[in-house]
Amino acid sequence: MSGRITLAVAGRVLRQVRRDHRTLAMLLVVPCVLISLLWWMFEDLPGDLFDRFGPGLLAMFPFIVMFLVTSVTTLRERSSGTLERLLTMPMGKLDFLLGYALAFGLLAAVQSALAVAVSVGLLGLEVHGSVWLLGVVAVADAVLGTALGLLVSAFATTEFQAVQFMPAFVLPQILLCGLFVPREAMPGVLEAVSNVLPMSYAVDAMQELVGAADTGAIWRSVAIVACFALASLGLGAATLRRRTP
Amino acid sequence: MMKKVIAVRDLVVVRGEREVLPGISLDVSAGVTGLLGPSGCGKTTLMRSLVGAQRVRSGTVEVLGEPAGSASLRDRIGYVTQAASVYDDLTVAENLAFFARVLGVDRASVDEAVAAVALDDHRDQVVGRLSGGQRSRAGLAVALLGKPDLLVLDEPTVGLDPVLRRDLWELFHRIADAGAAVLVSSHVMDEAERCHRLLLMREGRIIADGSPDEIRERTGTTDIEAAFLHLVEDTEPAA
Ligand SMILES: Nc1ncnc2c1ncn2[C@@H]1O[C@H](COP(=O)(O)OP(=O)(O)O)[C@@H](O)[C@H]1O
Ligand SMILES: [Mg+2]
């Protein structure tokens with residue numbers, strides 16, 4: 001492993017994203033627009049629905065967007081021959097994976113800074129916990145999305161196939177993360193499933209931050225998300241082979 | 001006696017269900033060596049084995065005196081896959097700067113590589129907007145970074161116009177003159193004349209090996225395409 005190469009990969013990925021205005025918009029603008037839409041939708045309804053759903057949405061953006069962007073970029077990297085070339089060079093697999101994780105982790109930090117600024121500053125979302133912890137949750141979340149994206153790109157041969165993993169990997173997590181129905185209130189089986197899905201803990205962490213702000217519970221959730229992210233990075237590394245059939 | 005750069009012995013590679021290389025043996029030494037054979041005969045598979053990207057079943061592959069795929073070879077071989085293997089959304093200079101950082105070579109070698117493939121005028125252009133020939137030269141420039149001892153180029157001239165092809169072959173010879181061994185694959189037989197040495201390949205085997213003159217002489221033909229056909233008829237007794 002080499003810091004120089006990890007940074008080279010991260011810098012190169014960021015440069016590619018910067019050049020791609022659509023992806024940049026999806027990363028930075030769309031989350032702000034969606035969170036505003038959510039606020040607007042609930043505006044005339046009684047109760048504090050925005051405070052209930054907002055944090056969950058903030059937790060989902062980094063995960064979903066990074067999953068999509070990473071799975072498509074690494075798939076391109078596999079089909080264009082650049083990955084094959086890189087792996088014949090003095091590049092460690094970990095350099096490659098950490099480079100991606102670093103780039104998308106940074107983007108996630110910027111993304112959630114913007115989304116949180118809009119939510120708290122403009123839309124009046126109340127955050128009881130510390131705002132920088134929100135950033136930590138978002139980055140852990142993004143690294144998880146990146147790692148899973150890297151992983152699924154190994155099982156796709158076209159960009160369309162890569163995108164098809166969205167409904168399989170992401171939608172169930174959105175449904176079961178406790179946003180629509182509290183996890184404790186779900187049928188036992190679904191609650192058990194929810195307990196092993198990483199997004200549930202990301203959403204938990206965000207909701208705790210906005211709500212009661214029990215720092216211990218927040219860190220516990222963050223730690224669980226981070227473990228999932230590390231495990232997926234490990235699995236991703238296993239799919240990255242210098243020698244392929 | 002020239003130094004062997006590549007030594008392959010009884011290499012067996014199975015891809016999917018097929019035995020693509022059923023036990024190939026060959027040597028490559030300095031100079032420009034052409035690996036010629038029809039599409040699907042296993043050129044890419046062989047080249048991937050040389051750079052350590054191919055899972056092999058048995059046999060030995062030695063490159064620059066080390067087993068293929070050794071970590072110590074990773075900055076001594078320049079490899080261009082059949083796709084140009086560069087990032088389409090980065091400029092020529094950005095691509096080279098990135099690969100230079102991965103290889104740990106300085107910026108000066110970036111300028112040298114750009115100059116070698118004559119892309120100075122396009123260095124700040126995004127690769128995806130270059131012509132096919134310029135794009136493959138950008139891919140080649142990456143392989144030149146750090147002055148490798150061996151260049152493995154998979155069909156670098158395919159689909160290019162005759163002028164560009166001639167320019168590229170001249171470049172391969174300049175690189176070889178500077179001391180590197182260059183292995184170039186092609187399925188176009190008329191590129192044979194431009195090589196010091198030829199390896200003719202068919203169905204995962206080497207069917208002829210020698211200079212273009214030697215091969216023509218041995219087969220009593222006037223061009224390599226005829227020589228290839230002659231050799232095929234020889235190895236395939238009439239049913
Ligand atoms: N990934 C793969 N899986 C299974 N078979 C493959 C794969 N890639 C190539 N092949 C088969 O291996 C044979 C040789 O392919 P290749 O080495 O690409 O030939 P060439 O480069 O000479 O055109 C072909 O028959 C091809 O169908
Ligand atoms: Mg090929």
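In what follows, chains carry the letters A, B, and so on, assigned in the order in which the sequence lines appear, proteins first and then strands, with residues in each chain numbered from 1. Keep in mind the model is a prediction, meaning the values are calculated, not measured.
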> Under a 4.5 Å cut-off applied to non-hydrogen side-chain atoms, are B:Arg48 and A:Arg243 in contact?
Replying inline: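 No; the side chains remain at least 4.5 Å from each other.
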
> Tell me, do A:Arg85 and B:Val142 make a side-chain contact under 4.5 Å, heavy atoms counted?
Replying inline: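 Heavy-atom side-chain distance check passes, below 4.5 Å.
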
Looking only at heavy atoms, what is the nearest atom pair of [X] and [Y], with distance?
X	Y	result
B:Leu90	A:Arg15	CD2-CG, 3.6 Å
A:Ala8	B:Val102	CB-CG2, 4.5 Å
A:Ser80	B:Ala83	O-CB, 3.4 Å

> Is chain B contacted by the side chain of A:Leu7, its backbone, both, or neither, given a heavy-atom distance below 4.5 Å?
Replying inline: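 Contact with chain B involves both backbone and side-chain atoms of A:Leu7.
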
>> Does any backbone or side-chain atom of A:Arg242 lie under 4.5 Å from a heavy atom of chain B? Answer side chain, backbone, both or neither.
In response: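 It is both, since atoms from each part get that close.
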
>> Main chain of B:Phe98, side chain of A:Arg12: is a donor-acceptor contact present, judged purely on distance under 3.5 Å?
In response: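 No.
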
> Side chain of A:Arg4, backbone of B:Arg101: donor and acceptor closer than 3.5 Å?
Replying inline: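 The answer is yes, because a donor-acceptor pair under 3.5 Å joins these two groups.
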
> When only heavy atoms count and the cut-off is under 4.5 Å, which of residues 86-96 of chain A reach chain B?
Replying inline: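 Near chain B, by residue number: A:Leu86, A:Leu87, A:Thr88, A:Met89, A:Pro90, A:Met91.
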
> Is there any residue in residues 147-163 of chain A with a non-hydrogen atom under 4.5 Å from a non-hydrogen atom of chain B, and which ones are they?
Replying inline: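 Contacts with chain B: none.
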
> Picking from A:Arg76, A:Glu77, A:Glu84, which has the most non-hydrogen pairs under 4.5 angstrom with chain B?
Replying inline: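 Among the listed options, the one with the most contacts to chain B is A:Glu84.
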
>> Which atoms of B:Ser85 are under 4.5 Å from chain A, going by heavy atoms: the side chain, the backbone, both sets, or neither?
In response: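 Both backbone and side chain.
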
